[in-house]
There are 2 protein chains.
Amino acid sequence: MSKGIVKIAEICGVSIATVSRVLNNSGPVKESTRARILQIAQELNYKPNSNARSLSRRRTDTIGVILPELVDEFFMGVIQGINEVANRHQRYIMLSSSHSQRDELETMLEFMNGGRVDGVILMAPALHHTMKTILKSNTRPLVLLNCRPGIAGIVSINFDNFQGAKVATEHLIQHGYQKIAMITGPEINNDARERFRGFQSALKENNINLPKSFIVPGEFNIESGYYGFMRLMSLPEKPRAIFAANDMMVLGAYEAAKSLKLRIPDDVAIAGFDDIFLGRLLNPRLTTVHAPIVEMGRAAMQQILKMVDEKWRPEEEYTIHLSTGLVIGGSCGCINNNGNNFV
Amino acid sequence: MSKGIVKIAEICGVSIATVSRVLNNSGPVKESTRARILQIAQELNYKPNSNARSLSRRRTDTIGVILPELVDEFFMGVIQGINEVANRHQRYIMLSSSHSQRDELETMLEFMNGGRVDGVILMAPALHHTMKTILKSNTRPLVLLNCRPGIAGIVSINFDNFQGAKVATEHLIQHGYQKIAMITGPEINNDARERFRGFQSALKENNINLPKSFIVPGEFNIESGYYGFMRLMSLPEKPRAIFAANDMMVLGAYEAAKSLKLRIPDDVAIAGFDDIFLGRLLNPRLTTVHAPIVEMGRAAMQQILKMVDEKWRPEEEYTIHLSTGLVIGGSCGCINNNGNNFV
DNA sequence: ACATGAAATGTAAACGTTTACATTTCTTGT
DNA sequence: ACAAGAAATGTAAACGTTTACATTTCATGT
């Protein structure tokens, strides 16, 4: 027995072209036959085979998403935003998170050249050289998250890390703290570098000296926050406030503070970056910079769709900065901001 | 200019069949031509068009994943497990999370009949009637997460909610508590029901009475935990211990306890279910039941692949129970278990 | 040198759509 | 009743693979 569109055509006694026209609302069809075809399709529970469809139309209505990891709410938020917009536009998303650099490149190649997806959203805080080469080939619409590639025709979306870090640091300065240290993120990470720059900028503009010892490297995880804090607090000259490049490290710092019996913010003030869920539950509640992650996902998808649907490509390198905002808690020394925490 | 396989064939002066054979390692090809073809393919940066491939082979090497939501670490963990196994087997995953019932059904139909995926992993704590009908049609391999559909030919994977809840409750009982209440989950939620059953079972076996007032309904979120706790603690006869059907509600309970100035576990002991990341940071650290979420994702993918690759289908209804385990913290009254928390 | 079978290659038909172009069938004005 | 144009429908060629089957080429034993 024949299948799909052909079967419908046979039953209705028309050609497959007519059926296709009805199903896609392309071209004129007599009302009566249209109704008939629609009805039969319904009865047969017909769903077009999307592979055949994609092959013919040269588009799949799916977007590839490549993330470096699949842990913590950060990625979750991004996916959520992506999915939201995808749903609204009836698109599907193909998700991939490769642990090895090797796999990541492989997936990228498959997405760019395999015809599986119409466009790719790539989150890569650090760009491997080979990856850059692939990106330059520019076969398909591409949106980059959290990095600035410096390649024309590609859209990249970033948080305003610089501004966010600067504002947070300025807030600490306004509290009157002079000895401010920072636990930074990985050197290769774009966000981390920008945040560090923002931090430096704020200090510089306020003529505050930043000793080398006040810059300790972190790895964006709890452990490094813990050790970073420990290290800072064992300096002969201790900082009065600490800005951590992300909230995860703050968790470690809180733990360290607890084990050293240091009070936050009385002994040392702390500010973070990201505004993770947990930050609101800390005691004292964490002062941090809100990073609009869901918004980032949404924006990414919207851009991709714009490129796919309207065949639009930016002439030059095109970067969107999502504005960040300070979330005031009690950890910086502000009072009356511990109401919500309950841990 | 010709494309893909045809182009390679032209350049190498062979037929497309030979090229295909080389690329797929199917059938014998002279070593020299094989080498040549491989080299040209490499030079051209050739990637087979997967739509054409899927159309012809009638398989896509991608698995559809439908989740009810995309929030919190629970789903993240499941996806992580799924992705892990998918990567290992060179499969792609198509992710979808629909907010409306309507969309969910639509996606399911598309996945089942649209030829986009080889199989589907569906997480649906509650099964709508229409959905059941779709599942029964049984067009493609299907693995269900967190629900028992009672349909032959379908694999479902569940946590051992009953046992987990029972063990947790027994632990509370062993502490000597007699007045034990529970904040339950949504009635329609399968996990929630099972956990409640386990709770009841433990009490019954220990001949402990369970007054109606000690069962308060929750919604698996922070707020309902908060209000559930409040309600229990405003009873004329207050419980000495509370078992919450999930950890999220425990967060609310902790908050409520704090605002009521009740100490945990001295005034009221608490145990939860899920073992969320945050639980380990609570003060006192939460006693809860570990739900192996990543493992669930892995198992789901493995089952699907088994069905797809080996064309295997269970004769009857086939349910896998993932064993849960008690995680002892300080919230139940056990001492020396507050070491790790630092909030 | 030849028959025989295996190895290597080619041909062409799927797979299920979309779509440009051709053809037929309706309207409508005269 | 007919021409002209619009509306409806049909035909057939893509889209880029895989694969059953047919054909050619090669090695081997005689």
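Lettering of chains follows the sequences in order, A, B, ..., and the numbering in each one begins at 1. All values below come from the heavy atoms of this structure, side chains included, with hydrogens, waters and symmetry mates left out.
- For the residue pair A:Arg57/A:Asn24, the side-chain donor-acceptor check at 3.5 Å is not satisfied.
- Sorted by residue number, the list of members of residues 108-116 of chain A with any non-hydrogen atom under 4.0 Å from DNA chain D is empty.
- The side-chain heavy atoms of B:Ile82 and B:Ile121, taken from C-beta on, include a pair separated by under 4.5 Å.
- In this view, B:Asn138 and B:Arg313 satisfy the side chain to side chain donor-acceptor pair (under 3.5 Å) rule, not counting sequence neighbours.
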Practice item. Decide side chain to side chain contact (heavy atoms under 4.5 Å, CB included) for B:Glu317 and B:Ile154; before the verdict, give the C-alpha distance in whole Å, the side-chain angles of both, and the deciding distance to 0.1 Å. Key: CA-CA 6 Å; B:Glu317 180 180 6; B:Ile154 294 184; over 6 Å; no

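- Comment: A:Arg58 does not engage A:Asp118 in a salt bridge, judged by the lack of any side-chain N to carboxylate O separation of less than 4.0 angstrom.
- Between A:Asn146 and A:Asn190, the side chains place no donor N or O within less than 3.5 Å of an acceptor N or O (distance only, hydrogens not considered).
- The stretch residues 3-27 of chain A comes close to DNA chain C through A:Lys3, A:Gly4, A:Ile5, A:Ile16, A:Ala17, A:Ser20, A:Asn24, each having a heavy atom under 4.0 Å from the strand.
- A:Pro68 places none of its side-chain heavy atoms less than 4.5 Å from the side chain of A:Ser97.
- Contacts of residues 35-55 of chain B with DNA chain C (heavy atom under 4.0 Å): B:Leu55.
- Applying the side chain to side chain donor-acceptor pair (under 3.5 Å) criterion to B:Gln302, with sequence neighbours excluded, gives no partner residue.
- The minimum heavy-atom distance between A:Leu95 and B:Asn83, with the atom names listed, is O-OD1, 4.4 Å.
- The aromatic rings of A:Tyr92 and B:Phe111 sit tilted relative to each other, their planes meeting at an angle between 30° and 60°.
- Considering A:Glu84, A:Gln303, A:Gln80 as possible partners of A:Arg298, the one that fulfils the side-chain hydrogen bond (donor to acceptor under 3.5 Å, both in side chains) test is A:Glu84.
- When side chains are defined from C-beta on, B:Pro292 counts as touching B:Phe159, because their heavy atoms get closer than 4.5 Å.
- When DNA chain C is scanned in the 5' to 3' direction for atoms under 4.0 Å from non-hydrogen atoms of chain B, the outermost contacting nucleotides are C:dA8 to C:dG16.
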